[in-house]
Structure formats: structure tokens, C-alpha cells
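From a predicted model like this one, the values you see are computed outputs, not experimental measurements. By convention in this document, chain letters (A, B, ...) are assigned in the order of the sequence lines, proteins followed by strands, and residues within each chain are numbered from 1.
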2 protein chains.
Amino acid sequence: MTDRKINILLVEDHEFTRLGLAMKIENTPKYNLVAQATDGAQGVMMASQYNPDVILMDIGLPKMDGISATRKIKEELKLDCAVLMFTSRDNKEDIFAAFKAGADGYIMKGSSSETLTSAIDTVATKAAWIDSQIARVVLSSIQNENDIQTTATKSQKEANKKYGLTKKELEVLSLIVDGLSNQEISEKLVVSISTTKAHVHNILQKLYLTDRTKAAIVALKEGLV
Amino acid sequence: MTDRKINILLVEDHEFTRLGLAMKIENTPKYNLVAQATDGAQGVMMASQYNPDVILMDIGLPKMDGISATRKIKEELKLDCAVLMFTSRDNKEDIFAAFKAGADGYIMKGSSSETLTSAIDTVATKAAWIDSQIARVVLSSIQNENDIQTTATKSQKEANKKYGLTKKELEVLSLIVDGLSNQEISEKLVVSISTTKAHVHNILQKLYLTDRTKAAIVALKEGLV
DNA sequence: GGTGATATTAGACAGCAGTCTAATGTATAT
DNA sequence: ATATACATTAGACTGCTGTCTAATATCACC
């Protein structure tokens, strides 16, 4: 086989974690750390610039979260690289959003070095790698997906649970889909613009989106409102 | 960590395949082949008898198929072992049925020795292993729900008449509905931002709207794109 | 009584969106 | 040839969007 080194791009905002990971990667002969990014936007940029084999991506990132960044890399840029999500979040929503965005693997922070190398090696060969802690969550949900499709009554309440939107957030999302601006939403709900902005911000976070237009599109297509 | 050998149970009806796998396992120091079964019923029996770490299970088996056997081992007997499906079937139904039954990994016959050991090692640590050939099938079914690549050839000309949008404007509107920013649209169409802004402005004028979010909503609801 | 989730607000800030004006080039129809 | 429609670009400007930080208040739950 090709004994070429695996080129890795590291995207992580916390300095110490990034440093630790960089150390680990650089001390592993078969890996080659090509670049490090400290936020999502920079990560996307560096991905297209260095075209790494594997991107080790944190979820919680400034500028652009890891899931949005993954989506951009996979769907828009269509880069041929494996994205390994590296995070402390083990909730269903994040896991699914990550895979939906095109992630190839999902590993928990706090994993051992052996687990990390195993995961990197696996996704580098284009196979999927799922951490033991969350394997059950993913696999059990695959079962559910079949069951849900037969019952066919999912959309509204399921979608609600799916993204964890609160009642107020759903209300705001609904008004966004009606085409209202923040100012108009504020007037309608009799709250300040700050409040509306906070709600909109929370919605975008939970849906892993970057602007209200995308939120409206997703809400319409997935029947969230 | 524990350098204990990984105890493996092999369940495969085809003699030559079973022999080849047994050879491979026995020639790998870290593995210990505890038993071999030639049908599903025997496999279940041996699983409870030997309590292996990993069961390498074929799907097409006499007496009881591999998926039923897996379900029995996982759900009824609740044995703490990893089941690695080993099969030539790559259709969605089998894959999902396998995971639904509680399989921890899915590997194709015809995989390399390296892939096999990688898969065994991975499921032995209770992580999920999905073969590269079928990773796409599994992940894409998770990723779906979003892809609406409808080739609307009819409504385009009607919409054109309706609002008097030009070909270019419809193209831009379509990209707005995809959630792209002016910058991104400009890059995609290889024009300046000024041009994109002009198109967007014309679209808004013709649709009697004030912003791109409303344009996306109208386009989606009225099937303009 | 403490903890977590939700809702509320403010201010400051960077950046994008959309408007306006103005100009140029091309194609098509009359 | 000349009008009309379409595509392209620039510069400047206003205002809205979304982020970040920070604080307060309520309610349910343990």
C-alpha cells in the first residue's frame, strides 16, 4: 500500500487542547500536521488551501461552528477529505447534525491516544468511525428512523424535539418564515430588539445555521413551522 | 491497557471462507479463536457458551440467519460481546436490519486483512465500525431528508412569465434558495458582487419584496425554483 | 436553597444587505 | 440604425443582521 503520511488539519479554539493534539500528532510518525485553525471560518479556508486527508474538527468554535464548517467543506467546496468531529458533546442532536453535515467520524474529547489514532486511521481510509460512547445513540436511532417512517406522524413534534427549540424560539422561527425582520418580530411579540436577536441567535445555533434566510429555508423544507 | 487477547467466535457456513478466516485469526497473535459455528442456531449457542469478545457473523446462514442470531444474542441473551457482520450484501435493508438487531460493525467479504483486523479491533473496544463501501449508504440515509433536487422544468417558464424574471435572475434566485450569500453567489457565477447585487435587486423589484429571505420563502412556496 | 433552563435586556461591534447613481457592452428586434 | 432589454461593474452610503459579553428575573425541579 501507500505508506504516505496522513495529512491532518487541526481546527480547535481552545489553546491547550489544540497544543496537546498538535503534540500528539507531531509525535506520531505516520501523521503530518499541515496546519492549525482556531475558528471555523479559518478552518474552512485552510481546508481548501492545504487539502488535508483528515480534518480534526471541534464543534464549538467561534466565527463558524464545526458543523457549519463541515457542511461548507463537504457540500459547497466538495473537498475530498475526511472530517473527524472532536467534541465533548454527546447529545443526539449534535451527533446527527454532524453526520448530516457530512462528518466521517465522531470522537469524544477525553478519548485516549490509542482511540484517537484508531479514529484518524479509520476515517483516513474513508470508513466511518463512531466513538464507543455514542455508538449506541447513533445505532439505536437508525432503528428508530425505520420505525418513524412507518408511523409517518413525525414532522412537527419530532422536529421540535430534534433540534431542541423552545416554544418561544419556534414562535420566532415562524415569524422569520413569515418574512418579518427583527424589528417587526419585536413589535409583534412586544419585546425589545435585543430579545429578538437573542432568540434568533439561539435558533441559528441550534439549527447550525448562519443566517435567517437559511433558517427560513430549513424550516419550510423540514416543516418545522 | 489490557493486552489480553481478543476472543473471537466465528459463525460462517461456507467451509472455505470459514477456513480462511480461521487461519487469519489464528495467525494473528492478539486474537484467540475460541470456537467456530456453521449455522445461526449453533452460533447463538456457542456465543452463550464461550462468551467471546467479538463474534464474526455471516448474514446468510442455515437454521437461523445472522441477523436473527444477532438479535437473539443481543436482545434476549444480552451478552456483552460485539457482533461484526461479515457479508457480501451491501443493500440498505440488510445493513439497517443488522444494526437494528444490534450489530456493532459491518464489514464486506472481500475486504483486506488489514480492514478485517481494523474492524475487529474497533468493535472489540465497543466502538462501531462501518465498512467504507457501505458507510455512504448508512450516512447518506442519515443525511437525507434535506435533498430536494427537483428538476422543475415545467414551472420555470411559467414562473418566468408570471414575474418576468430573466434566466440569470432565476439562477440567482435558485442560489438564494440554496442559502448562499451575495459573496458566495458571485463566486459561483464568477461575477463581481456588484453584479450579484444588481440581480438580487432586480429580483426583489420584480417580486415586490424587500429582502432575500422573503424571496427565498416566496420561491419555495410558489415553486419558482 | 441551589441548580438548570428559559426569557429578557443592553451596548458595542463587524460585516453583509440593499439602494442609488452612473456607466459600458451585447444581443435582438424593428 | 436605433430602440429595447439584459448583463456587467464601481463607489458610496444607510441600515439591518448576527456576535459577543454581561447581567437580571422567573420557574421548575431536586
Return the nearest nucleotide to the side chain of [X]; candidates are [options].
X	options	value
Thr195(B)	dA7(D), dT9(D), dT8(C)	dT9(D)
Arg212(A)	dT19(C), dA7(C), dG18(D)	dG18(D)
Val191(A)	dC20(C), dG18(D), dT9(C)	dT9(C)

Quick check on DNA chain D: between Leu204(A) and Asn202(B), whose nearest nucleotide comes earlier from the 5' end? Asn202(B)
Between Ile193(B) and Lys168(B), who's closer to the 5' end of DNA chain D by nearest nucleotide? Lys168(B)
Residue mapping more 5' on DNA chain C - nearest nucleotide basis, Thr196(A) or Lys206(A): Lys206(A)
Do the side-chain N or O atoms of [X] get closer than 4.0 angstrom to the phosphate oxygens (OP1, OP2) of [N]?
X	N	answer
Ser194(A)	dT9(C)	no
His199(A)	dT8(C)	yes
His201(A)	dG18(D)	no
Ser192(A)	dA10(C)	yes
Asn182(A)	dC16(D)	no
Ser181(A)	dC16(D)	no

Quickly work out the [X] [atom1] to [N] [atom2] distance and round it to whole Å.
X	N	atom1	atom2	answer
Leu207(A)	dG18(D)	CG	P	12 Å
Lys197(B)	dT9(D)	NZ	P	14 Å
Glu171(A)	dT6(C)	CD	C1'	14 Å
Gln183(B)	dT9(D)	CD	P	13 Å
Gln205(A)	dC20(D)	CD	C1'	11 Å
Ile176(A)	dC16(D)	CD1	C1'	14 Å
Leu165(B)	dA5(D)	CG	P	16 Å
Glu169(A)	dA7(C)	CD	P	6 Å

Kindly indicate, with the supporting measurements, whether the criterion side chain to side chain donor-acceptor pair (under 3.5 Å) is fulfilled by Arg212(B) and Asn182(B). CA-CA 10 Å; Arg212(B) 71 202 295 108; Asn182(B) 287 338; 2.9 Å; yes
Audit row: Lys5(A), Glu26(A), salt bridge (charged side-chain N to carboxylate O under 4.0 Å, His left out) steps and yes/no: CA-CA 11 Å; Lys5(A) 284 189 176 188; Glu26(A) 284 176 336; over 6 Å; no
Ignoring hydrogens and geometry beyond distance, is a side-chain donor-acceptor pair present between Lys214(A) and Thr210(A) at under 3.5 Å?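 Present: a donor and an acceptor within the cut-off.
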Flag side-chain contact, heavy atom, 4.5 Å: Leu175(B) against Glu184(B): no
Derivation and outcome, side chain to side chain donor-acceptor pair (under 3.5 Å), residues Tyr31(A) and Asp121(A): CA-CA 10 Å; Tyr31(A) 299 152; Asp121(A) 295 348; 2.7 Å; yes
Evaluate whether atom NZ of Lys63(A) has more than 12 neighbouring non-hydrogen atoms of other residues, nucleotides or ligands under 6.0 angstrom away. no
Contact class for Asp211(B) (heavy atom, under 4.0 Å): base, sugar-phosphate, or nothing?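 Asp211(B): backbone/sugar contact only, no base atoms under 4.0 Å.
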